[in-house]
Amino acid sequence: MDCKRALQETNGDFDAAVEWLRVKGLASAAKKADRLASEGLVSACVSNSKVGVLIEVNSETDFVAKNEVFKKFVANLASHLATTTSKLAEVPALLQATINGVKVEEQLKEIIAKIGENLVVRRFARFESPGYIHSYVHGDGKIGVLVEISAEKQSEAAKTFANDICLHVAAMNPISLSMEEVPADIVAKEKEILKAKNIEQGKKPEMIDKIVDGQIKKFLAESCLLEQAFVKNPEIKVKEHLAQAIKEIGESFTIKRFCRFELGEGLQK
């Protein structure tokens with residue numbers, strides 16, 4: 001019916017009708033822009049084990065996340081970010097980039113018009129390394145992880161180790177690599193909460209600081225990747241699993257960094 005109306009509005013001029021439909025679609029997309037989008041997909045792409053990308057694109061419903069047009073669009077964005085020579089660092093720059101001759105922003109608007117839901121390119125992370133980068137996506141795009149290790153030998157043992165760390169990060173959601181890297185504001189907030197909790201529980205005032213110090217150490221051990229119990233073998237810590245892997249691979253290396261996206265985290269549902 002839209003096509004019929006377009007031809008009527010343009011007196012049967014096919015080219016003008018196509019343009020009319022595009023304008024109508026973009027106007028429709030603009031109207032949907034303020035609608036909440038907290039579903040969608042987290043996707044990953046790694047190029048030559050040296051460049052890795054994690055991206056989250058949101059939709060209004062989980063149903064659209066299964067749409068092949070939407071899935072292809074997200075995969076194309078991840079692939080472009082992993083292979084482009086342009087150093088895109090923020091979403092606005094990505095929206096202005098051109099893929100297959102069309103701006104990402106225009107592609108997004110056209111897909112919104114076609115699907116009928118608001119879609120949002122929310123965030124992405126890009127790792128580039130002389131070492132080894134590995135990715136993992138869990139639960140049909142619900143959680144995605146990127147891990148960089150400094151190992152230059154791309155042996156099967158190194159790949160297995162990197163995959164193990166990806167699985168661990170997906171399951172255990174560490175907040176940092178080591179205790180030293182935990183943001184000071186997070187530690188301060190946790191101390192504040194623990195102190196209030198101990199006061200409420202009636203602990204002796206002169207003992208509270210000592211109790212909180214012990215609880216903070218436990219919090220950090222449970223929250224930092226290297227200190228966490230390894231998810232595939234809780235008898236050892238991740239740092240001990242790292243030491244075992246170094247022996248097996250025959251090369252000294254470290255876990256350099258990681259990134260974890262969970263679909264819709266921090267958004268109103």
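This chain uses plain numbering: 1 for the first residue, then up along the sequence. Scope of the values below: all heavy atoms of this structure, side chains included, with no hydrogens, waters or symmetry mates.
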K.L.:
Taking atom NZ of Lys142 as the centre, report whether more than 12 heavy atoms of other residues, nucleotides or ligands fall under 6.0 Å from it.
P.N.:
yes

K.L.:
Tell me whether Val64 shares a hydrophobic cluster with Val57, the cluster being built from Ile, Leu, Val, Met, Phe, Trp, Tyr side chains joined at under 4.5 Å.
P.N.:
yes

K.L.:
Could you go through the side chain to side chain contact (heavy atoms under 4.5 Å, CB included) check for Ile133 and Lys50 one step at a time?
P.N.:
CA-CA 6 Å; Ile133 293 175; Lys50 299 297 182 183; 5.8 Å; no

K.L.:
Locate the shortest heavy-atom distance separating Val42 from Val137; write the atom from each residue and the value.
P.N.:
O-CG1, 3.6 Å

K.L.:
Does the side chain of His134 pick up a donor-acceptor pair with the side chain of Tyr136 at under 3.5 Å?
P.N.:
no

K.L.:
Does one hydrophobic cluster hold both Leu177 and Tyr132, with members joined at side-chain heavy-atom distances below 4.5 Å?
P.N.:
yes

K.L.:
Which atoms form the tightest heavy-atom contact between Val231 and Ala171, and what is the distance?
P.N.:
CG2-CB, 4.1 Å

K.L.:
Is Lys159 atom NZ crowded by more than 12 heavy atoms from other residues, nucleotides or ligands, each under 6.0 Å away?
P.N.:
yes

K.L.:
Give a yes or no on whether Asn100 atom CG has more than 12 heavy-atom contacts from other residues, nucleotides or ligands under 6.0 Å away.
P.N.:
no

K.L.:
Salt-bridged, Lys195 to Glu192, with N to O below 4.0 Å?
P.N.:
no

K.L.:
To the nearest 0.5 angstrom, please state how far the CD1 atom of Ile199 sits from the NZ atom of Lys204.
P.N.:
16.0 Å

K.L.:
Could you report the tightest heavy-atom contact between Glu117 and Ile112, atom names first, then the distance?
P.N.:
O-CG2, 3.2 Å

K.L.:
Are Glu240 and Asn233 close enough that a side-chain donor and a side-chain acceptor fall under 3.5 Å?
P.N.:
no

K.L.:
With sequence neighbours left out, what residues match Phe253 under ring-ring contact (aromatic ring centres under 6.0 Å, His included)?
P.N.:
Phe161

K.L.:
Could you tell me whether Asp213 atom CG has more than 12 heavy atoms of other residues or ligands within 6.0 Å of it?
P.N.:
yes

K.L.:
Rounded to the nearest 0.5 Å, what separates atom CG in Leu194 from atom CG in Asn198?
P.N.:
6.5 Å

K.L.:
Can you tell me how far the OG atom of Ser129 sits from the CG atom of Leu146, to the nearest 0.5 Å?
P.N.:
11.5 Å

K.L.:
Kindly check if the number of other-residue, nucleotide or ligand heavy atoms within 6.0 Å of CD (Glu200) is above 12?
P.N.:
no

K.L.:
Not counting sequence neighbours, list each pair that qualifies as a salt bridge (charged side-chain N to carboxylate O under 4.0 Å, His left out) and has a residue in residues 90-100.
P.N.:
none

K.L.:
Identify the heavy atoms of Leu263 and Gly40 that sit nearest to each other, and give their distance.
P.N.:
CD2-O, 3.4 Å

K.L.:
Can you measure from NZ (Lys247) to CD1 (Ile249) and round to the nearest 0.5 angstrom?
P.N.:
13.5 Å

K.L.:
Can you give me every donor-acceptor pair (side chain of residues 255-262, partner residue at least two apart or in another chain, under 3.5 Å) with its distance?
P.N.:
{"from": "Arg257", "atom 1": "NE", "to": "Glu148", "atom 2": "OE1", "distance (Å)": "2.5"}
{"from": "Arg257", "atom 1": "NH2", "to": "Glu128", "atom 2": "O", "distance (Å)": "3.4"}
{"from": "Arg257", "atom 1": "NH2", "to": "Glu148", "atom 2": "OE1", "distance (Å)": "3.2"}
{"from": "Arg260", "atom 1": "NE", "to": "Val169", "atom 2": "O", "distance (Å)": "3.1"}
{"from": "Arg260", "atom 1": "NE", "to": "Ala170", "atom 2": "O", "distance (Å)": "3.4"}
{"from": "Arg260", "atom 1": "NH1", "to": "Asn173", "atom 2": "OD1", "distance (Å)": "3.3"}
{"from": "Arg260", "atom 1": "NH1", "to": "Glu262", "atom 2": "OE1", "distance (Å)": "3.0"}
{"from": "Arg260", "atom 1": "NH2", "to": "Ala170", "atom 2": "O", "distance (Å)": "3.0"}
{"from": "Arg260", "atom 1": "NH2", "to": "Glu262", "atom 2": "OE1", "distance (Å)": "3.3"}

K.L.:
Would you be so kind as to tabulate the donor-acceptor pairs closer than 3.5 Å made by side chains of residues 216-223, with sequence neighbours excluded?
P.N.:
{"from": "Ser223", "atom 1": "OG", "to": "Phe219", "atom 2": "O", "distance (Å)": "2.7"}

K.L.:
Only counting residues at least two apart or in another chain, list the ones meeting ring-ring contact (aromatic ring centres under 6.0 Å, His included) with Phe124.
P.N.:
none

K.L.:
Would you please test Asp185 and Lys189 for salt bridge (charged side-chain N to carboxylate O under 4.0 Å, His left out) and show each step?
P.N.:
CA-CA 6 Å; Asp185 59 330; Lys189 185 64 177 177; over 6 Å; no

K.L.:
Shortest non-hydrogen contact from Gln107 to Val102?
P.N.:
NE2-O, 3.0 Å

K.L.:
For Lys103, give me all partners under side chain to side chain donor-acceptor pair (under 3.5 Å), at least two apart in sequence or on another chain.
P.N.:
Gln96

